[in-house]
Participant: 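To start, I am sharing the structure in question, which I have written as structure tokens.
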Amino acid sequence: MSTIRIDNVRKSFGGFEVVHGVSLDIADGEFVILVGPSGCGKSTLLRMIAGLESISSGNVVVDDLVINRLPPRERDIAMVFQSYALYPHMTVRRNMAFSLKLAGAPKGDIDRQVQAAAEILDLVSLLERKPAQLSGGQRQRVAMGRAIVRNPKLFLFDEPLSNLDAKLRVQMRSEIKELHQRLRTTTVYVTHDQVEAMTMADRIVVMNAGRIEQAGTPMDLYEKPASLFVAAFIGSPSMNLIHGRIEDSAFLSDAGARIPLAANAPVTSDPVVLGVRPESLHVGGVGPAFGECRLRVVEPMGSETLLAATLLSGGDGAHGGGENIMILSRVKERYAADTTVRVGADPGEFHFFDATSGRRLE
Amino acid sequence: MTATAGLRRAPEIAVSAHRHIDLLTRIVILMVLALLLVFILLPLFWMLKSSFQTNFEVQAIPPVWLPENPSVEPYDLAGQLIPLWRYIANSLYVSTAAAVIAAALSAMAAYVLARFRFPGATLILALILLTQLIPSVTRIFPVYFLIQDMGLLNTFSGMIFAYVGFSIPFAVLLLRGYFQTSCPPELEEAAMMDGCTYFGAFWRVILPVSLPGIAAVTVFTFLNAWNDFLWASLLLSSGEMKTIQVGIGEFATESGVSNYQNAFMAACVISTLPALILFFFVQRWLVGGLTAGAVKT
């Protein structure tokens, strides 16, 4: 187990910089998830930690040792790839034993460690099969087995669940989390799926365009997104964002809806964006008024219902609005499209962002 | 009343018309293929049946299509007239050595060109491609004098050296495509994370995974060398060192084909056997190796 310090790390391909001075400290045994859209630099950062990509400037420090120039084989880091990257000509046993064999471990130790890893991952009955004879989930478990058998300082996962179907992904998510809770090995995990990030991470690092937007616990990011990007990225369905300005203790949307605010709302004359999560909006008479809405589409999902609605007027009843919003209702009620409903919301759950910089306003 | 009662039925004329056209097209295609097959196989059949006939039967007009009294005597005769087995051994040695060396060198070169970006990589690839566009006959004098200046004229080493040189460009192009499409870079990255060096990853993971492609290259180089007449007749003039293709040529001029056509054909059959046996064993890999690089799977 190890700590990692990523200190002002940059990466350029040719003259094009794709990672712009990223700094991050990862504690011993922590499960950190790098999340962001495609091309944000998260996989590049992971590959720099692995040693598969050179570092243009800055340092990657593992346990007080700068590892920038160490080849991957000398870093004692194990990695699970998106495509599993199992050796197709080797059996599961040989795949898992490969690193130990290269390290010159005695045969007895290799057998014992492979058996132990196979038992943890329920692979014992598959040890003599080749990768082509395994299902997607089994291959992913073998890839993890190959990583854990070495007992490395650090685990890296590069979108390991992307190739699995939805059901298997949920199952593997729990297995990876359980594995981490059991081994407590420091883990850096890359995904573009914010649900994966929210459910698995001790800490999420949201990246955008080669920079860290925000790092924090899943609930930190959910409750206090530092920027419009994080607000829109974290949470499913994503946060409603309405452009406007703050005037006389109310939010006046660009389309004219006037929504009453709490006393502690920020005071600014600059354009702002009001963020409100779909699950913070309640259909019916509960809580202070957010506004009148017309329901356009009703999507029942069993335990909850997702409503696509258009804001007709703000909470003070004045005419205006026209913004499209999403409402997540957890009340067991049958809604009908093309009906007008009152929507309530607690102004304390509103988020405000500077419309120009995108940063959070307190 | 069934659920489909009263529903309109789509006309079936279109389907039967399609079937009719399909059948006609199929018959035409089959006839064309049969003609092509006859065109390709007739000389081989002629060679095979002549090798079991008497010389009189071979030269008879109208032709005798099947041996009346099949005999292996022409095979004995071929062995008496020329040192057939010596020539075959020479061919096997030269072709095998050229194939193994060319496959080893081109696999390493192709791997580097497939995986690494370095200044001049595109130029190297362009030059390799260029060699495929130049007619091989234009290389006769430069290569001959090169081999002569190196003191390798009339040696197996010189011959192997030439074959390796001729085979490498095509082999590199083929294997580069194979590495790019059939060996994902994650495989060697995983190997390096597991403790391999670059060469270790190549040796322990990439090479075993690329065996079909490498087999294809090896067989092609072997067959090219085995079937070559031009370079073997130019670079190896000593009687003892002749390859089978050149040896058979000598057979015709020294003994006179008209007198020993059946023995000549028997020698030709024997000369095709090693290549045929090799192809029989590796054809599955060979076809896989040639097509694997063609499409992204």
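Reminder, nothing fancy here: chain letters follow the sequence lines and each chain counts from 1. All figures in this text were calculated on a predicted structure; none of them were measured in a lab.
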Participant: Relative to chain B, which segment of A:A50 carries a heavy atom at a distance below 4.5 Å: side chain, backbone, both, or neither?
Facilitator: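 Answer is both: backbone and side chain atoms of A:A50 are under 4.5 Å from chain B.
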Participant: What part of A:L52 is in contact with chain B, defined as an atom under 4.5 angstrom from a non-hydrogen atom: side chain, backbone, both or neither?
Facilitator: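 It is the side chain, since no backbone atom gets that close.
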Participant: Against chain B, label A:R47 side chain, backbone, both or neither, depending on which of its atoms sit under 4.5 Å from a heavy atom there.
Facilitator: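 Side chain of A:R47 only, per the 4.5 Å heavy-atom cut-off to chain B.
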Participant: Can you tell me if A:Y87 uses its side chain to pair, donor with acceptor, with the backbone of B:R204 under 3.5 Å?
Facilitator: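 Absent.
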Participant: Look at atom CD of A:E178 and say whether more than 12 heavy atoms of other residues, nucleotides or ligands are closer to it than 6.0 Å.
Facilitator: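 No.
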Participant: Between A:L102 and B:G195, which heavy-atom pair has the shortest distance, and what is it?
Facilitator: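 Heavy atoms only, the tightest pair is CD1-C, 3.8 Å.
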Participant: Can you tell me if CZ on B:F118 sees more than 12 non-hydrogen neighbours from other groups inside 6.0 Å?
Facilitator: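 For B:F118, atom CZ is crowded (more than 12 foreign heavy atoms under 6.0 Å).
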Participant: In Å, rounded to the nearest 0.5 Å, how long is the span from CE of A:M79 to CD of B:E186?
Facilitator: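 Output value for this atom pair is 8.5 Å.
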Participant: Indicate yes or no: at least one non-hydrogen side-chain atom of B:Y198 is less than 4.5 angstrom from one of A:P71.
Facilitator: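 Sidechains of A:P71 and B:Y198: no contact.
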Participant: CZ of A:R5: more than 12 outside heavy atoms within 6.0 angstrom?
Facilitator: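 Open.
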Participant: Using a cut-off of under 4.5 Å for heavy-atom pairs, which of A:R75, A:E74, A:R146 has the most such pairs with chain B?
Facilitator: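 If we count pairs closer than 4.5 Å to chain B, A:R146 comes out on top.
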Participant: Report the distance from atom NZ of A:K101 to atom CG of B:D194, rounding to the nearest 0.5 Å.
Facilitator: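 Here the interatomic distance stands at 12.5 Å.
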Participant: Specify the closest pair of heavy atoms between A:H89 and B:P208, including all atoms of both residues, with the distance to one decimal.
Facilitator: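 A:H89 and B:P208 have their closest heavy atoms at CD2-CB, 3.4 Å.
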Participant: Which bit of A:L100 comes within less than 4.5 Å of chain B, counting heavy atoms only: side chain, backbone, both or neither?
Facilitator: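 No part of A:L100 comes within 4.5 Å of chain B.
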Participant: Report, as yes or no, whether the 6.0 Å neighbourhood of atom CZ on A:F16 holds more than 12 heavy atoms from other residues, nucleotides or ligands.
Facilitator: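 It does not: A:F16 CZ has 12 such atoms or fewer within range.
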Participant: Answer yes or no: does atom CZ of B:F202 have more than 12 heavy-atom neighbours from other residues, nucleotides or ligands under 6.0 Å?
Facilitator: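 It does: B:F202 CZ has more than 12 such atoms within range.
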Participant: Verify the neighbour count for atom CG of A:D64: are there more than 12 heavy atoms of other residues, nucleotides or ligands below 6.0 Å?
Facilitator: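 No, CG of A:D64 has 12 or fewer neighbouring heavy atoms, counting only those of other groups under 6.0 Å.
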